[in-house]
Amino acid sequence: MHEMTDAVHTADASKASAPHDHGVSLAEAFWVWVRIAALSFGGPAGQIAVMHRILVDEKRWVGEHRFLHALNYCMLLPGPEAQQLAIYIGWLMHRTAGGLIAGILFVLPGFLAILGLSYVYAAFGNVSLIEGLFFGLKAAVLAVVVQAVFRIGSRALKNRLMIGIAAAAFVAIFFFRVPFPLIILTAGIVGYIGGRSGSPLFRIGGGHGKTTGPVLKDEDSALGEQTPIHARPNLGWSLKVSAVFLALWLVPLVLLFAFLGPNDVFTEIGWFFSKMAVVTFGGAYAVLAYVAQEAVQYYGWLKPGEMLDGLGMAETTPGPLIMVVQFVGFMGAYRDPGTLTPMTAATLGALLTTWVTFVPCFLWIFLGAPFIEKLRGNVALTGAMSAITAAVVGVILNLAVWFGLHTLFSQVIPWSVGGLTLDVPVLSSLVLPSLLLTLAAALAIFRFNASVIATLLASALAGMVWVLVGG
């Protein structure tokens with residue numbers, strides 16, 4: 001009798017939480033994710049807003065609470081939170097296949113667009129029209145990065161302690177070249193300890209603004225309030241998915257090391273961007289200065305101004321902003337092709353960079369999402385995230401200063417004393433058109449609330465006009 005009752009309860013539970021009870025087919029979901037991918041401009045805030053509008057307000061797949069719960073988890077992870085949120089919801093709706101479709105489609109349009117622009121850049125970068133386009137983009141990107149400092153800072157720096165953490169992070173990376181991963185690790189430890197101590201100074205949440213209008217309850221959504229069976233913790237499945245994605249991520253790196261050696265450009269690209277995939281907390285802006293400095297000063301993959309060109313590509317194409325690293329890998333392999341043709345090597349470099357950057361994102365979601373409930377309300381993790389976000393503000397400020405020096409001045413002289421290192425601009429090398437374009441872009445963004453895309457396009461057009469007419 002008890003066995004029969006248990007069987008009935010099990011059947012009822014399965015019926016209530018079966019993964020396809022929501023009535024959304026995988027084919028329908030595919031085209032919804034295509035639409036989201038095509039509209040994913042404007043950085044993580046814009047991308048998350050698009051997903052919320054389509055998935056919560058329009059399609060009513062998931063409720064407000066579940067959407068924000070998933071977002072909070074993704075914000076604790078390294079990597080692009082918007083893409084990871086897409087993977088998470090795709091996985092909730094249609095298991096692993098749904099997560100793969102959502103995550104791949106989210107980056108595919110941006111990958112193809114940046115690859116095409118990289119071909120043009122490598123082949124025709126010295127043409128006046130192309131030079132003017134990127135000349136204008138650099139100025140606008142500088143204004144966009146400054147906006148990011150204010151936007152993230154206004155959310156994260158709510159007390160003097162957080163301001164102090166941000167200031168310490170800026171001093172560490174700008175003046176003493178402390179590695180970005182060490183700064184993030186230190187901030188996380190400080191925040192974790194502070195959170196566990198119960199100090200209210202560390203209870204600062206993230207997020208991307210408040211929602212307005214009626215709130216869709218989880219029980220009224222297509223997925224419902226119940227947790228689907230496939231989304232419940234299962235140690236066997238977790239071990240299996242970890243093994244598969246770790247192999248997809250790391251086996252290519254081992255093969256590169258074994259067959260090409262540690263000093264080959266493809267091995268260096270694979271290992272460097274694999275490290276970045278583990279420490280990219282706080283969004284792309286936080287890690288770009290570190291990537292730029294390593295790519296320019298250590299590896300020689302890029303010239304200083306070229307990182308801004310790549311960022312301009314990423315800002316004007318759909319997908320995560322971290323896609324700019326694809327351009328770095330492209331140019332690095334293009335300049336050191338070995339026995340391959342430069343364009344073939346560059347294409348493989350872009351593919352390799354994209355692979356090692358985004359494969360870990362699937363691992364974090366598929367492995368950790370079933371245990372997400374255990375992370376909710378954990379004050380120690382909240383404290384760690386608050387401190388990391390504050391440190392990220394200082395790191396982004398470093399990025400803004402670094403970009404500003406190389407955008408507004410044609411000559412920068414390294415200067416060091418003891419452990420302190422500075423890039424000092426030659427004042428006579430000020431590029432007045434860049435300054436004027438940057439001020440115009442900043443005015444458009446801060447004073448007139450112009451969109452990032454409109455500002456970038458207008459600056460690019462102004463740059464082309466300047467080079468063709470007055471440059």
Side-chain angles (χ1 to χ4, degrees), residues 14 17-20 26 29-30 33 69-70 73-108 111 181 184-185 188 227-262 264 266-281 320 322 325-326 329 348 350-376 378 381:
S14 298
S17 57
H20 293 292
L26 188 59
F30 175 88
W33 291 116
H69 182 40
Y73 172 62
C74 294
M75 290 184 67
L76 290 171
L77 301 173
E81 64 211 47
Q83 190 229 8
Q84 289 168 342
L85 180 61
I87 298 171
Y88 188 100
I89 296 178
W91 168 77
L92 266 181
M93 296 292 294
H94 296 100
R95 301 177 177 254
T96 307
L100 288 171
I101 288 172
I104 293 171
L105 286 177
F106 197 85
V107 300
L108 187 60
F111 169 79
I184 292 299
L185 177 62
T227 300
I229 293 174
H230 72 272
R232 298 170 185 173
N234 183 311
L235 182 59
W237 186 83
S238 295
L239 292 175
K240 183 187 299 183
V241 77
S242 299
V244 169
F245 281 92
L246 278 173
L248 288 172
W249 178 18
L250 299 179
V251 167
L253 304 182
V254 173
L255 294 176
L256 287 171
F257 187 89
F259 288 98
L260 299 180
D264 185 84
F266 291 106
T267 306
E268 292 178 336
I269 287 172
W271 285 108
F272 178 72
F273 287 110
S274 288
K275 290 188 294 183
M276 289 303 96
V278 178
V279 299
T280 313
F281 293 93
I322 197 64
V325 300
Q326 172 193 333
L348 293 175
L351 285 168
L352 175 62
T353 304
T354 304
W355 182 266
V356 299
T357 298
F358 290 103
V359 166
C361 295
F362 293 93
L363 173 62
W364 311 144
I365 297 299
F366 292 149
L367 175 61
F371 303 94
I372 184 175
E373 291 300 326
K374 294 183 179 180
L375 294 176
R376 294 196 65 187
N378 188 305
L381 288 176

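Worth knowing before you read on, the calculation uses all heavy atoms, side chains too, and leaves out hydrogens, waters and symmetry mates.
- Between L253 atom CG and I269 atom CD1 the span is 11.5 Å, to the nearest 0.5 Å.
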In sequence, state the C-alpha distance, the side-chain angles, and the governing distance for L352 and L256, and then conclude on side-chain contact (heavy atoms from CB on, under 4.5 Å).
CA-CA 11 Å; L352 175 62; L256 287 171; 3.8 Å; yes
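- Taking V359 as the reference, F245, L248, W249, W355 meet the side chain to side chain contact (heavy atoms under 4.5 Å, CB included) condition, with sequence neighbours excluded.
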Pairs under 3.5 angstrom only: tabulate donor-acceptor contacts from the side chains of residues 83-91 to other protein residues two or more places apart or in another chain.
from : atom 1 : to   : atom 2 : distance (Å)
Q83  : NE2    : G103 : O      : 3.2
Q84  : NE2    : P78  : O      : 2.7

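- Within the model, atoms CH2 of W33 and CG of L100 stand 12.5 Å from one another, a figure rounded to the nearest 0.5 Å.
- Closest approach of F358 to P80, counting heavy atoms only: CE2-CG, 3.7 Å.
- Interatomic distance, W364 CH2 to L77 CG, rounded to the nearest 0.5 Å: 8.5 Å.
- One finds the OG1 atom of T267 at 15.0 Å from the CZ atom of F272 (value rounded to the nearest 0.5 Å).
- Here CZ of F362 is found 14.5 Å from CG of L367. Values are rounded to the nearest 0.5 Å.
- Counting only residues at least two apart or in different chains, side chain to side chain donor-acceptor pair (under 3.5 Å) contacts with residues 252-262 are absent.
- Here the closest non-hydrogen pair linking L92 and A231 is CD2-CB, 3.9 Å.
- Considering CD1 of I101 and CG of L26, their distance stands at 4.0 Å, rounded to 0.5 Å.
- When all heavy atoms of Y73 and A369 are compared, the pair lying nearest together is OH-N, 3.6 Å.
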